[in-house]
Structures are given as C-alpha cells and as structure tokens.
Amino acid sequence: MIRAIGEFSLFFALALAAYASIASWVGWRIQRGEWIRSGESALLAVCGLLTLSTAALTYALVTHDFSLAYVVHYSNRTQPMAYTVSALYGGNDGSLLFWAWMLAAFASVVVIQNRHRHRDLMPHVVGVMGAIAFFFVGVMLLLANPFTRLPVAPPDGRGLNPLLQNPGMFFHPPTTYIGYVGFTVPFAFAIAALITGRLGTTWILSTRRWTIFAWFFLGLGNMFGAWWAYNILGWGGYWAWDPVENASFMPWLTGTAYLHSVMIQEKKGMLKVWNMSLIIVTFALSIFGTFLTRSGILSSVHTFSQGSLGYFFLGFLALILVVSFGLLLHRLPALQSQNELDSFLSRESSFLFNNLMLVGIAFATLWGTVFPLIAEAVRGVKVTVGPPFYNQVTIPLGLALLLLTGVCPLIAWRRASWRNLQRNFLLPAAIGLLGGAGLYLWGIRDPVAWVTLLLLMFVAATIGMEFARGTGARQQMTGEGRLRALVMLTWRNKRRYGGYIIHLGALFMILAMVGGIFKQEAETFLKRGESMRIGQYQVHFRDFREIPRRDSAVLAAEVHVSNAGKPLGTLLPQKRFHPGSEQPHSMVGVMSSPREDLYLILVNYSKEGAAIKALINPLMMWMWIGSYVMAAGVIIVMWPDRRQRFAARYSVEDRHALA
Amino acid sequence: MVRRAGMLLAWTAVSWLWAPPALALVVSDVAKEFICSCGCNKMLTDCDMQCGDQLRGVIAAKITERWDKPRIMELLIRNYGEKLLAAPTKSGFNLTAWLTPFAAILAGGVMISLAVGEWVARRRAAQRARLARPVTVEAEYLKRVDAELKHFD
C-alpha cells in the first residue's frame, strides 16, 4: 500500500512537472493568464505529491518494511530511530527523492511569494523549475526508484553505513542538498530574465535572499561534513580535497563571487554578463557535484557509484550549459552596459579582482578534480591530485583573496584618493605589520603561517575600525551608549555590517587553518598503566572499557589526560563494531579548548595494550566558532528589512511599469 | 648598483630569517608525498589501516638503511605506480596541472586590467567632452556633485 502511494505519487508528480512547464510556456506564448496560473498550481501539486512520496518512504523506513530494496539496504531493526529517518537521504535513490522534494518545496514558495509580483518572469521561472523537477523525478523512476520491491522480504536489513550514523551525517546531506537545490531559484530567475529580456536588477533583487540562503546552506553543509570528518574519520583533519568535497566547494566559491559582484550591478548597472554567467556556472557546478557522486567516475568516499545514472546527469549538465549560454549569447547586445570607471583605485575594480580570485580558486579546484581523467586520457597513466596540489595552488590565491577582503570594503567607490587610502588603511596596515613583527619575535617562523596571520590582523583591524567608526558616529548623532549604538548600527545597516560579521567568521576559520600548520603528532603502543607525552600533555592509558550500545559493540580505551601533573579529564577513544560491517570504525576522543585540541585515536588494540595516536591541533575550535559567527552574520543579512522589502516589491523596473 | 646590493641584502636577510632547520629524515617526510595504496584516498601519513602501516614500514626500513628521500620515492613509484604520489610530478605533461590555474588567473587578471583601463579611459573621455561643452547651470551643478562625490567615502 505504502509502496503504491509512494510510487504513484512519483508518476503523478512526473506528469504534473511536465504539465507545469508546458502550461507556463504555452500560457506565456499565447498570453493566457489562466494557463500560467494552471502551471503554477501544477507545481504546487508536484510539491504535495513529492511530500506524500517522501512521507511514504520515511514511513516504510520507520516501520521496517523490508519488502522495499531501499529499506533493506539502508536500515535495520537495531538502528537508532534518528538514523533510520536519515536513511531517507543516506542512499542514492532516497537522496534523489529528497532532492526533488526540496526542489518542489522551494518552487512552491517561489510561486506563493510571486502571486502578484514579477508576473512577466514567472511563466519562465515555473517552466525552468518544472523542467528540472521533471528531470529528477524521471531519472528516479527510470534508474533509481526508491520504491523497488524485492521478491522476498528478508527478516532484517543491512543497515546504514556505520560511518554515516553520526549527528554530523544526520545534518550534512540535507544542508548540502538545500544549498545545491537553493541555487535553482536564482538560476530560474536568471533564465527568465534572459528569455524575457528584462535584464535589469529585478531578477537580482528578487533572488538575493534566495542566493544567500543557498550559499549559507551549502557552506553549512560543508561545515557539518568537516565536523563529521574530524570526529569520525579519525585522521585528525577535516578537509581532504576529495573530488566530491571539491564539488560542493566550487559552487560555494562561485556563489560567493556572485554575491559580491551583484553589488556592482545594483550600484552601477555594470557586469551584467558576468553576473549572469556566474549564476549559470554556480547552478551547473551544483549539478556537476551530483554527477560526480552518481557516476563513480572518480574515486571518492562519497560516491554512490551508479554508472549509467551519472551519464544522465552529464547530459543534463551539457543541456543546461548549452541552453543557458545560448540564451546569454542571444541577449549579449542587450546585456552590454555602458561600463565606465573613474579609477583603477576604486572599490569597483577591487571587487573585480576579488571575483578573479574566487573564480580562480574554483577553477583550480575544478582543474585538480578532473586532471586525473585528462592525464589518463592523454598519457594513459593514472595520477592522483591530492592535498599537496591543492594546498600549493590555492594558498597563494587564498592569501591574495584575504588581502582583498580587507581592501574591498574600505576602499572608496568610484575613485580612492590618497587621503582616503591613508585614512582607511594606515592604522590596519600598521597593526598588521607590528603584529607580524611581534609574531616573528614570538617564534612564528613558518612563512605561510606568518603571512596569513599578518593579513588576518590587517583584515580584522579594518573590520574593527569600521565598527568603531560607525558606532562613534552614531553615538555623536544620537547620544546612545556604546553598546546600543553598536547594536543599532548593525541593525539599521544589516547588509553592510552583517557582511562584516560574515567576514569576521571567515577570519576565525582561516585562523584555525593556520593552526593546522603547527599540528603535533605522536603514536605509541601503551600497556595498561603506561603513559606517553605530547606537547605539554601526559596521556595515561588505564584500561579498556566495554560500552554496551543497542546497535553496536564498543571497545574504548580509558585514557587519563593531565598537564604538568594537573588532571584535565578522561578521554575514551573507541572502536565500534556494527553487526554486518566487516571493519570496526573509530570514534576519537577530543579535548577542546580555544588554544588547541588534544585528539586521541585508538589505532589498534590487543590483550597487552592499545596503540594510541595523539595529535595536538592548535586553534581548531576557531573553525567551529567561525562557522557560528558566519551563521550569525548571515541571519543578520537575511533578516527582513522594511526598506529592502519595499525595494524588492517595487524594483526600479516595476516602478517604471507602474508609472 | 645600490639597488642590487639592497635586494641581495634583503634576500639574505629573508633567507636567514626563514632558514629551515636541518633535521634527519623521518618517515612522515617521505609519507607526506604519498597517498595510501588501499583506495581509502587518505594521505599515507593519515591512513591507520594495515596497508598504511605496511608502506610506512617500508619507508622506515629504507631510512634505517640510510636511503635518501628521492631514492625512497623512486622505489615506491616503481613498485606502486605514479598514482601513489599525492600530487602530480612537476615535469612533462603533469606540469600543465600546476601551471594551468595560474595561467588562467594571469589571463583573467590581464583581461580585467585591460577592461578597467578601457572603462577609465571611456569615463575620462566622457568627462572631457562634458567639460568642453559651454558652461551651463547644469554643468556647474554636475561639477559640484562630482567634487562632492570625490570626498565622499
């Protein structure tokens, strides 16, 4: 019954998605409003049907309906309920359903939001989103149906991969998918603008919040992934430059470039072609990520490895690029604005270089990701492109970007005078240089770490100065106290100061990356009662402990940690044995402080004792603090603002139309 | 001459200030150049599986036999193939892996510089044309706006 509801919902959703697209475009062509409205209603119905289908699969998972192959592959009776639910997106078929459901949900919100706005754009927005939903549901029904039945239902399932049974993995996939899918909205509006020729700022203003939303969730997804890798994979790192990690990093980078460069279009009407290209590329890179996970073309820990499915995505990607850039070329004359700049030394040109760096890092990442395929095709030899390549290529570019992060917000629009440069940069540059000298004397001799820290101080000083100046000016004007003036300053200029807070969060994260340069490591086999030393820590292995769990057997090493004789606590690095899984998986023991993490891995064990690997990861906590600060900045930037609401409702073009 | 001597002095100072201390070869010095051979995609320094232990054991044994780093690397590449290297070599076709991103960014930088130069020239030409027109109240007003905007950060 549940299977029938789920599968029939998918078939109906497929038909209605096709109808939504066709009705919208036909309605636009013959100028019939009822056709357009009908297309919109069909898209709302697609959302309802996919919700039903998703609910049916969730119900099948929760009730252990092992007549479905998907339920057998990704759940079992001992799995905790949270991970039984998260199995919905833990496998290939379910993740496609989840993706399509999110897409339909976002499309519905767009339809409801624009009942009385952007009526000339909406047929194409619905057309594009309907077509994308049609592709996803179609591919699912053809090659990855989550409701496929087994001839005989087994008594129990195989269970979700134990590595995925972790809070980080509960949140990582959905947040990443929301990010990927979210970019569909600005993409659909961009295509609508290209088709209709309404190429002003309307589509940008109406999708700004959607773009930030998608960008934020994609970043959040990456952070959850990083947190999971750090705490579960047990190698002491959080980013491995795996092809699929790269695939979610690239659209985030181009999305960041887009969020910056649209400011130039909003203010000066410039860079229309560039912004259009960036949003097309960002969406295409989202699909590229899906292609990588589904094709198994590159070796990655994330792959679902379904060869033929990947080629459907490759075809879809090619179609997106051909149609989008074809439309862009068609509209090129209308997009070419009368670009004028007053000076090289201006915020406009600094934004262009900021974009160059962001897109450059994205390109370097893409190049590194596909180079093994190119090398094999040209030389017939397999090569690996791993962390040493990305670190060497992206660090110089990242440092240039960091410098621009300090320069861009403070350099004057139009033309920076010598006075402006002196006024805005003398103090931060002095703080950076003095701080750099101090760090050198303190013993920081690694060139990359030294330059990065110097730049971090420079950028932090520019941000601090902006807040201090704004707060001071507000205090003078209103007589408010310092704290209130600071809060009101941020609240009244959410976009600007929220943006600075996002930059501040990024600085904290870069600080954590610098900490990685000073990582310390030691590995020793310890018998019961023996100790090892790492840094200032004394690590004392007391005994093994067995921890009963419903879904697995856990063997933990009880390790007491002290610093100069002062006890700091007990850590339990462990091995977990899941039924049906050949290899046990590690759970690390971590003791965190703002200064550093002590990170313990139970590498091996025997009757005599335990092989313990200990790492000191300096400043690691700032990675997570930075992501919280970034999230706070995004919330501030996205918080509804009366003036912005008015601007979005009545964009320049709408006001012209009303007049 | 003075400039050249200054640059030489600066280079010497930088080299001295950041001179890496000379240390004996350890396993991680070599292992950081490789990934694990078992398909886990981890760096050899980070892999805690049996295959990782085995490869690190080979490196340790060769260090004990006083082999230098290039010789140990050559042995591992010969035995396991180029794929074991964590990054492409910096020679032959593999050089394109390293150069292409920087070449693309350089090309992008040149294009942006040319475009900005052209936009600035266009702006200046427009300003010159405007200033060449007979002064009217509107032109006076525009000049004032321009002057005020220059001081507006």
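Source: prediction; values computed, not measured. Proteins come first, then strands; the chains are lettered A, B, ... in the order of their sequence lines, and each starts at number 1.
- Residue B:Glu33: no heavy atom, backbone or side chain, is found under 4.5 Å from chain A.
- Contact of A:Ser346 with chain B is not made at all, since no heavy-atom distance falls under 4.5 Å.
- If you measure heavy-atom distances from B:Ala104 to chain A, the contacts under 4.5 Å come from the side chain alone.
- Neither the backbone nor the side chain of B:Thr89 comes within contact range of chain A; no heavy atom of the residue lies under 4.5 Å from a heavy atom of that chain.
- Here the rule is side chain to side chain contact (heavy atoms under 4.5 Å, CB included) with A:Ile395, and of A:Thr452, A:Val451, A:Val448 only A:Val448 fits it.
- Looking at A:Leu615, there are no atoms closer than 4.5 Å to chain B (heavy atoms on both sides), in backbone or side chain.
- Every pair passing ring pair (Phe, Tyr, Trp, His ring centres under 6.0 Å) that includes a residue from residues 70-107 of chain B is listed here, sequence neighbours excluded: A:Phe371-B:Phe93, A:Phe389-B:Trp98.
- With a 4.5 angstrom heavy-atom cutoff, B:Thr96 touches chain A via backbone and side-chain atoms both.
- Only the side chain of A:Glu521 has a heavy atom closer than 4.5 Å to any heavy atom of chain B.
- Looking at B:Ala115, there are no atoms closer than 4.5 Å to chain A (heavy atoms on both sides), in backbone or side chain.
- For chain B, the nearby part of A:Val381 is the side chain; its heavy atoms alone come within less than 4.5 Å.
- Remark: the B:Gln54 side chain and the B:Arg56 side chain contain no N/O donor-acceptor pair separated by less than 3.5 Å.
- Of the two parts of A:Val385, the backbone and the side chain both hold a non-hydrogen atom closer than 4.5 Å to a non-hydrogen atom of chain B.
- The ring-ring contact (aromatic ring centres under 6.0 Å, His included) search around A:Phe249 returns A:Trp239, A:Trp241, not counting sequence neighbours.
- Only the side chain of A:Phe363 comes within less than 4.5 Å of a heavy atom of chain B; its backbone N, CA, C and O stay farther away.
- Contacts of B:Ile105 with chain A are made by both backbone and side-chain atoms, with heavy-atom separations under 4.5 Å.
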